[in-house]
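The structure under discussion appears below in the form of structure tokens.
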Amino acid sequence: MGTNTTWHATSYRTHTLEQIQSEGADLVGTEVTVCGFMEANRGKGKICFMDLRDGTGRVQIFLKHGGVSDEELEAAQNLSRESTVQVIGEVAQKRPPKVAEGEPIPSPTYEVVASKFIVIAAAATPLPLGVTDTVSIGLDTRLDNRFLDLRRAHVNAMFTLRSKVLQYGRDHLITEGFKEINSPKIIASASEGGTNLFPMMYFDTPAFLSQSPQLYKQLTILGGMERVFEIGPAFRAENHDTYRHLNEFISFDIEGAWMNDDDVMCVQERMINHIWQCVADNDQDQIDIINHYRESQGDQPITVDVPSLPFARIEYCDAIKMIQESGADITWGDDIDSAHCDIIAEKYPGFHFLPRWPMEMKPFYIHHIPGDTGATGEQLSRGFDLNYGRDEMTSGGQREHNVDVLEQNLRNKDLDPADFSFYTDGFRYGAPPHAGWGLGVARLLMVLTGARNVRETVLFPRDRHRVTP
RNA sequence: GCCCGCGUGGUGUAGCGGUUAUCAUGAGGCGUUGUCGAUGCCUCGACCCGGGUUCGAUUCCCGGCGCGGGCGCCA
């Protein structure tokens, strides 16, 4: 956990379990009160050992005949796994475990010798999934019982890392002058067209759940906010059913004035570089926990390789050429699908940008420079993607700030400018050139942690088949 | 939505036209033990649903439901 965290005593405990270990040498002989989940208990008769776990660490509790009442000892010995308990006792140095001949003697650890033992809430048996069991568990079973799944060390580490990634990303953007905003999630009309929206009733008015903060973050730039970011939900009523799609996801968005697509690509690579560097510097303990689990499953360990700057940039025209040269069937104007991404990723492992997509393929709000054309003479845009392997992380670009062009772009997409007046009106009174991007947080976490399904990196994922828990 | 595969104790699996349905983990009991992947002995617990073929279906066929993988689309 964070090195700067101050764990104040609470009504239920004087110390966290991590404190018992890290401050153990000074605490020996001191009476403490600790709480936690009972991970395992050993021993019958006159003694009982208990592995206690809280959100910070683990400590062994030692109960013995005479040290606690007979009733307390029996309760401890008969307690079911994952029950919550409160223990009052003295910190003591643990007797070292037996080690094989020639093995190094481990550094001292600490335990609590109980004088009082209280069961707070007993766990029912059997558990729907074993928190410490080595058997693998199906994703569906895990998600149905996420409250228990989260108690597993590597799952907990995953979401600890997720919190860190958001924190480091946020910290970095603030150093570059970005301000955090919140845009509405209940909207009257589609923000981009294209994807399907979830309809809802807003009192007596039909409305939708927002698919993107796009138009609203642009309005804040028109409002002189200079640089903004938002970390918030986006909703898409698409029938996709893959390892990387959800119908509700957290989008990490930025928008900045007086910037073009190249400028915000630089912001993005600096931010990702910062996140990776911070994780490498501060959170190797969480990576180790994940690797410990991966090892038990026969998976290769993950390493936090800080990506160097700048990331590769492969313009759309060059990407098409590269794919064609590899023998795949693609023509200028086609989308670059997953199999094509594999071809690019072979030459560019790691993060890489794909800038300068055909204007035809990009949304109406993307900027283009007239006459900036591609291999076939078609108009290029200032839109880009960021990919890693076969997965798209980001979509972004410079935005159109000329209201006449913007309205023409709408008409070109068979959209009626009148439907977007709440947005286009913002461009009639002076508009700075601006650019931005949206990053899929769960997908970024997949790259960092080696997860093969976004559902691993989302607490309570929402897909076509799941709205609970 | 399309293509492919799979549904066996609480969890994860093996297997088969007639079995006492395998193993691990777990749960319950007794014993031993400053244990720490505790340990020894005993016990408990399962073939997704509906229809069909068959003397007999958990096994084969059809349908449903659920899950996993791939694709499209996207972040």
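Just so we're on the same page: letters track the sequence lines, and every chain starts at 1.
- In this structure, B/rG40 forms a base pair with B/rC30, meeting either the Watson-Crick or the G-U wobble geometry with both donor-acceptor distances under 3.5 Å.
- B/rU25 and B/rA38 have their P atoms separated by 11 Å, with the value rounded to a whole Å.
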Quick test: give all pairs of protein nitrogen or oxygen and nucleotides 1-3 of chain B nitrogen or oxygen below 3.5 Å, distance rounded to 0.1 Å.
residue, atom, partner, partner atom, Å
B/rG1, OP2, A/Arg464, NH1, 3.2
B/rG1, N7, A/Arg464, NH2, 2.9

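- Where A/Asn41 and A/Pro128 each meet RNA chain B at their nearest nucleotide, the meeting point lying more 5' is that of A/Pro128.
- Taking the salt bridge (Lys or Arg N to Asp or Glu O under 4.0 Å) definition, one finds that A/Asp171 meets it with nothing, sequence neighbours left out.
- Counting any heavy atom pair closer than 4.0 Å across all strands shown, A/Ser251 reaches no nucleic acid atom.
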Using atom types as modelled, flag every donor-acceptor pair under 3.5 Å from a side chain in residues 242-254 of chain A to any protein atom, sequence neighbours excluded.
residue, atom, partner, partner atom, Å
A/Thr242, OG1, A/Arg244, N, 3.0
A/Thr242, OG1, A/His245, N, 3.2
A/Thr242, OG1, A/His245, ND1, 2.7
A/Tyr243, OH, A/Asp391, OD1, 2.6
A/Arg244, NH2, A/Ser338, OG, 3.2
A/Ser251, OG, A/Asp253, OD1, 2.4
A/Asp253, OD2, A/Lys217, NZ, 2.6

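- Look at CD1 on A/Ile336: it is 12 Å from P on B/rC73, rounded to the nearest Å.
- A salt bridge links A/Arg142 with A/Glu456: at least one charged nitrogen is closer than 4.0 Å to a carboxylate oxygen.
- In a base pair of the Watson-Crick type (N1 to N3 plus N6-O4 or O6-N4) or a G-U wobble (N1-O2 and O6-N3), with each distance short of 3.5 Å, B/rC71 is matched with B/rG1.
- Base pairing analysis places B/rA21 opposite nothing; no Watson-Crick or G-U wobble pair with both distances below 3.5 Å involves it.
- Look at the P atom in both B/rG5 and B/rC60: the space between them is 13 Å, to the nearest Å.
- From A/Asp419, atom CG reaches atom CG of A/Leu410 across 9.0 Å, with rounding to the nearest 0.5 Å.
- Of the residues in residues 133-147 of chain A, A/Asp133, A/Val135, A/Ser136, A/Ile137, A/Gly138, A/Asp140, A/Thr141 come within less than 4.0 Å of RNA chain B through at least one heavy atom, sorted by number.
- Residue A/Phe235 contributes atom CZ, which lies 24 Å from atom P of B/rC73 at whole-angstrom precision.
- Taking the C1' atoms as reference points, B/rU59 lies 32 Å from B/rC71, given to the whole Å.
- Between the P atoms of B/rU43 and B/rC36, the separation comes to 26 Å (whole Å).
- Going from the C1' atom of B/rU8 to that of B/rU13 covers 9 Å, rounded to whole Å.
- A heavy-atom distance below 4.0 Å to RNA chain B is reached by these residues of residues 381-392 of chain A, ordered by number: A/Arg390, A/Glu392.
- The residue A/Lys94 sits close to a base: some heavy atom pair falls under 4.0 Å.
- In this structure, A/Glu74 places its CD atom where only 12 or fewer heavy-atom neighbours from other residues, nucleotides or ligands lie under 6.0 Å away.
- Contact check, A/Arg42 against B/rU35: no side-chain N or O comes under 4.0 Å of OP1 or OP2.
- Rounded to a whole angstrom, the distance from the P atom of B/rU58 to that of B/rG1 is 30 Å.
- Residue contacts for A/Gly130: at a heavy-atom cut-off of 4.0 Å it reaches no nucleic acid atom on any strand shown.
- In the displayed structure, A/Gln167 atom CD is contacted under 6.0 Å by more than 12 heavy atoms of other residues, nucleotides or ligands.
- Comparing B/rC6 with B/rC44, their P atoms are spaced 33 Å from each other, to the whole Å.
- Under the rule for a ring pair (Phe, Tyr, Trp, His ring centres under 6.0 Å), A/His352 has no partner lying at least two apart in sequence or in another chain.
- Here, B/rA24 and B/rG18 have their P atoms 24 Å apart, quoted to the whole Å.
- Nucleotide B/rG66 is matched to B/rC6 when pairs are restricted to Watson-Crick or G-U wobble geometry with both distances under 3.5 angstrom.
- Phosphate proximity of B/rC74 to A/Arg443: absent, as no side-chain N or O sits under 4.0 Å from OP1 or OP2.
- Contact annotation for A/Glu248: no contact, since no heavy-atom pair falls under 4.0 Å across all strands.
- Aromatic rings from A/Phe229 and A/Phe178 are positioned such that their centres are separated by 6.0 Å or more.
- Heavy atoms of A/Ile250 sit nowhere under 4.0 angstrom from any nucleic acid atom.
- Across all strands shown, B/rU35 forms no Watson-Crick or G-U wobble pair with both distances under 3.5 Å.
- Across every strand in view, B/rU58 sits unpaired, with no contact that passes the Watson-Crick or G-U test at under 3.5 angstrom.
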